[in-house]
Protein chains: 4
Amino acid sequence: MQDRKIRMGMVGGGEGAFIGNVHRMAANLDGQIELVCGAFSANPDKSQRSGRALFLQTERCYASYQEMFEKEQALPDEQKMDIVSIVTPNHLHFDVAKMALEHGFHVICDKPATFTLAEAKALKDIIATSGRLYGLTHTYNGYPLVKQAKQMVANGELGKVVKVVAQYSQGWLSASSDTDNKQAAWRLDPKQAGISCCMGDIGVHAANLMEYISGQHITELCSDLTPTVSGRQLDDDGTVIVKFNEGAKGVLTSSQISVGEENGLAINIYGENASLTWRQEEPNSLWLKYNDKPTQMIRTGVGEFCNEALAATRTPAGHPEGYLEAFANLYTRFAEQVRAYPNILKDKAPIPGIEEAIRGMAFIENAVKASDSDIKWHKFTI
Amino acid sequence: MQDRKIRMGMVGGGEGAFIGNVHRMAANLDGQIELVCGAFSANPDKSQRSGRALFLQTERCYASYQEMFEKEQALPDEQKMDIVSIVTPNHLHFDVAKMALEHGFHVICDKPATFTLAEAKALKDIIATSGRLYGLTHTYNGYPLVKQAKQMVANGELGKVVKVVAQYSQGWLSASSDTDNKQAAWRLDPKQAGISCCMGDIGVHAANLMEYISGQHITELCSDLTPTVSGRQLDDDGTVIVKFNEGAKGVLTSSQISVGEENGLAINIYGENASLTWRQEEPNSLWLKYNDKPTQMIRTGVGEFCNEALAATRTPAGHPEGYLEAFANLYTRFAEQVRAYPNILKDKAPIPGIEEAIRGMAFIENAVKASDSDIKWHKFTI
Amino acid sequence: MQDRKIRMGMVGGGEGAFIGNVHRMAANLDGQIELVCGAFSANPDKSQRSGRALFLQTERCYASYQEMFEKEQALPDEQKMDIVSIVTPNHLHFDVAKMALEHGFHVICDKPATFTLAEAKALKDIIATSGRLYGLTHTYNGYPLVKQAKQMVANGELGKVVKVVAQYSQGWLSASSDTDNKQAAWRLDPKQAGISCCMGDIGVHAANLMEYISGQHITELCSDLTPTVSGRQLDDDGTVIVKFNEGAKGVLTSSQISVGEENGLAINIYGENASLTWRQEEPNSLWLKYNDKPTQMIRTGVGEFCNEALAATRTPAGHPEGYLEAFANLYTRFAEQVRAYPNILKDKAPIPGIEEAIRGMAFIENAVKASDSDIKWHKFTI
Amino acid sequence: MQDRKIRMGMVGGGEGAFIGNVHRMAANLDGQIELVCGAFSANPDKSQRSGRALFLQTERCYASYQEMFEKEQALPDEQKMDIVSIVTPNHLHFDVAKMALEHGFHVICDKPATFTLAEAKALKDIIATSGRLYGLTHTYNGYPLVKQAKQMVANGELGKVVKVVAQYSQGWLSASSDTDNKQAAWRLDPKQAGISCCMGDIGVHAANLMEYISGQHITELCSDLTPTVSGRQLDDDGTVIVKFNEGAKGVLTSSQISVGEENGLAINIYGENASLTWRQEEPNSLWLKYNDKPTQMIRTGVGEFCNEALAATRTPAGHPEGYLEAFANLYTRFAEQVRAYPNILKDKAPIPGIEEAIRGMAFIENAVKASDSDIKWHKFTI
């Protein structure tokens, strides 16, 4: 597969969808992946229209993902797709991923991986049986300075980590907002979103980042989730206090009713000797702070970086790269592994996969369960 | 008292003290108050030396506060002090304030008001009996933009307040810091600091600000306080989730082991229609955010302000005023009330007083009690 | 051309090149353009290797741009390229563009358009004769908030513009930097870069932005260019004071020896009633300032925007888009016009073209000439 | 004079004045100086009222500065004032300073020192003859981080300085502002302000800072001053390009018609190895930048500082000190020298004095003269 692009099919992401287009741009950016087919909607006409608008051949705009997997599997090797990108609503992720893997395709899936923790655990076995690659698009650890932060913690530059504080705040589901749109509706509907809105949609990103950068795992939590706007069945705001396996404590606040917040993901990692601060909305600055010497503002591209951060940077310092580039980093790293398949590129870290999927689903379920309890502290169980 | 400065005596604040000098600068700034005497130390020689360095007359550098109150009381009206500034360690606040009031002096006291909640409640009666004025230097609501924020919330500019998030983070008591100094030692010593270090020293400022700006009162809380550094008897870090009387929720995180944080007090107030953000370290910007229109950066001195904010501003926009000016606002407002005494200037809000003192001490005691419990939620009791 | 991607060939941008890859990513992002061929290097082997690494067919990796234009012209319509992207060193731009246009291809060219002003003027006639489309990648006016700024000025939201201040500062050509690399070498060599290094490479971007946003033209200038590092033949730093045709004044400072500056392009436009500030390194905030009311921080995606800004935005607020997205906006807007060709999409503004090319080259030549003179003010001549 | 405060008289600064009150607060802050008398207005009643409002004795609220100098000179040593603070309009500075010095008083004067360069040079001789101390309140070099910046440049931390860029922008004299007030009127009146408004009022601060921090002197300049608003006789905006004696170049832009700018003084000093950035509106951060390592954000009070910066800092990190504290640093340093008089505290740098006064007046005169010329470059002459 040295001499051609990776061929991708997409499930979901038809007309009017948001995240499907993001995945396509991410896959496009580095010229390593080619969209060749898709089942963009459960409505065959809409799928056809969506695919044609993307310049696909009519015969590869499928009426259903089932049809897509069967027909693509039957194509000759020099035509058939290599990977499936799953961008449907959450409740379909499991079924689509399962079928794709069982038909021999590698899978890259939007987050959360599944509808329930049980599904995520089941998926792990399916992946293992299939022998195929599975990637989960936890976008935010595609940023170069997030990779650098993780490396700095691992190198001991902060000393022992004692406190991790993360926020993920948005305002678009506040009482005064128009939440009659499609994006809001499914997130607030337990049948499509699952047991949590805010923690499931965005809080889980913050939890992932806390574990990813700190290198520690959450072991206990105290949780308070709130459906702030009256009439809601799911949380739109919440706070989770956590304990980590190596002794650090943490606080995660997440909200979708914080009016005026855009996509306010931020994290502070405090070690005994130094601390790090990173904000997604200004992702090209990483702040390294001390008690007794000047703060260092580490800027993407200025100075020395770990290999993963370097690989995630395309342009010189001062040419801001952002969300789509972080997303593209996941696709491009995944494409590299697909290209090497069945070998594994051992010198390159894989993108998040089924282990992060399971921990993410477990975080959501544990946070909801602990919030419903009168007891303060709960073990984090998987 | 129209034609002379208010005469002030000070208890505490001798050589080497930090906060005493801050109080003196605050009292000096606007030229309304004159330091005329002091009992600066329990050591008479040190008190004398300290007073002389401040250019006081030898005979008004007293060996003890008791001596000061008695001798000053005996002076003729045209000489004797009007007000007492109390800047001793916490455990002495009550006794000094009580004696000062009982000798007929108005009192302005560093925070926290007392060592225990019980003392604070007792002090309320003493103040009432004395008929004298009592002020508590909750510095941070001396900032003009804090006053403006309070007014904007009261005016309904945010809509109904639904969430209040405050942080107060410092790093100077981290494991890697030198905590053998005098400032650290007493704060970590239960005999001098009371039942809490971090919440008592700084968390209480954040709690005060949450109530002050939102206009709501904490009614329930879930608390997790931690002595992060091994060997400590008191908390150096903590998180408190709160419920307010009008339905808002809140999160307060406070820390003295967050390496690299200077004096990181910040607050976000989220209403249904808009939100406000203010950070003490950059106190001349107040951010008013919406979901669907540009963020407004309100800058001290630019545009229209409430009377209290105007009164708290000395210079045109772009001439940064900071911590000492906020502190001076408390002293100057207090001096105005003293000047009018026994009348009350009804068009001017008093500075924080015994009610805030009681709520502050109650916050500390409730936070410690709730932290010690396995139950998640606790009523806020006074 | 409704149902297929625009087919692009590239000249320049082989192994080791910087800007060629930027152009490719920009062309890839939105899935509207497909790279089908290239003459990536004057060295045929290198061109072949470069093209193969981009997954092109061997026979469409050409040994020279002349060969490419001839062979592509001879291909059937359903295969041949539509547009040529020119990313060679400056001194080749004219010859390549001329030949591409004369072979019937639309051209999109890296900036500066040509080596000299005379070439730019000659190119204008060639474009007219060819009837083909010509675009110039002045990247920075691809940003949505730059488009919004231009519209706000045009709408009169600032009142009459009286002052425009722009900086474009970098540090990478400072005395202490390693300038033995390929990127530095050609920019400092008059044979490859032309009569100016700093003004020609980056100052011209700032000049373009001043005119683009203000809607005014430079008519006079006072210039001081400096080869700061000894031994250099070309300027690495400079200041140009300008007068505009509608009466505003302006100051442009540009530098490549300002150590620590990354890609510091920033602009302030001052009107009689309000002003705007935009910084490329944080491109998703546009500041609208007044004397007597709060500053507005306009954030990409929050609130209302002109159509051009909306078309230049892909993701919701808080998902930072940056340099590559701005660049992609130029490619995608150009592809839209190519798709409509020979019609013109009159409701969509074209990307910068030959008029901006001529003004840019004229700016460079005027700035150099005025700098060499003892007289302060010079007419801006074309 | 070990055991009492320095006694100050003030000329100017009566009811409604702005800068007089700033000087008083600055003198008050540290408790080293006591206001004992004043000639606050040319109107005796107003002077009397102003002084009484400041709690002065009736007999020391003088009807004129002449009266004040004569009567104070005649008072016994244990009563008479030590220093005179001059805060009148510019055109009176010289006469007041001269008379004060000739009556044996030390002088601290608001900036600019005099109305003309000739007066400044004459004042130098008068000071020398008097043997008294003379200080000029160039406020902005009272900031601790300005002192630290100067020291870092002197220590060679930037390498050879090659470029200095300073801005000082305000918006309050824009066309849309109400400039009928007293503050605007005198600044725009050649009879009261002298030959320049913007350069004389604020540009000269930027010029002073450029020389103060860089340690270099301006030797040549190219100047363009503009009366932007029609009908004005004096400049309200301007740009000055400069050459320094050790080879650096510089650009100074100053404006009072830049709508939305508050008090935007900022400076960048670029060396061959590193650069420094400081902004007055956020004065507690000093940025040290490199091409190849992280930017350092030096924060007041965090880390190590030179003695002058330490002496200029009153509170721990994170307790913002601002404009009044910077101003107070000048008064307190001046008071220390007065206290030591006739000895000189050689280990303490004096505040700006007559040399800076002369260079400042020369800057204004040279900038105006060069602006009026068609020739680009002019020698800086004194």
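Throughout, protein chains are lettered first and strands after them, A, B, ... in sequence-line order, and every chain is numbered starting at 1. These numbers come from a predicted model, not from an experiment.
Of all the listed residues (B:Leu158, B:Thr253, B:Thr277, B:Val251), the one sharing the greatest number of non-hydrogen pairs under 4.5 Å with chain A is B:Val251. Comparing B:Lys160, B:Lys293, B:Lys289, B:Gln167 by how many heavy-atom pairs each has under 4.5 Å with chain A, the most go to B:Lys289. Put simply, of B:Glu262, B:Lys163, B:Gln170, the one with the most heavy-atom pairs under 4.5 Å next to chain A is B:Lys163.
Between the side chain of A:Lys249 and the backbone N or O of B:Gly238, no donor-acceptor pair lies under 3.5 Å. Under a 3.5 Å cut-off, the side chain of A:Lys376 and the backbone N or O of B:Ser373 do form a donor-acceptor pair.
Residues B:Ser176 and A:Asn273 approach most closely at CB-OD1, 3.4 Å, considering heavy atoms. Here the closest non-hydrogen pair linking A:Cys222 and B:Cys222 is SG-SG, 3.8 Å.
Within the 4.5 Å cutoff, the side chain of B:Ser174 has heavy atoms near those of the A:Asn291 side chain. Within the 4.5 Å cutoff, the side chain of A:Asn268 has heavy atoms near those of the B:Glu261 side chain.
Atom CD of A:Glu157 has more than 12 neighbouring heavy atoms from other residues, nucleotides or ligands inside a 6.0 Å radius.
Proximity to chain B involves both the backbone and the side chain of A:Ser258, based on heavy atoms less than 4.5 angstrom apart. Within the 4.5 angstrom heavy-atom criterion, only backbone atoms of B:Asp374 (N, CA, C, O) approach chain A. Of the two parts of A:Ile241, only the side chain, counted from C-beta on, holds a non-hydrogen atom closer than 4.5 Å to a non-hydrogen atom of chain B. Looking at B:Asp292, neither its backbone nor its side chain comes within 4.5 Å of chain A, counting heavy atoms on both sides.
If you take CG on A:Asp237 and OH on B:Tyr270, they are separated by 9.5 Å, rounding to the nearest 0.5 Å.
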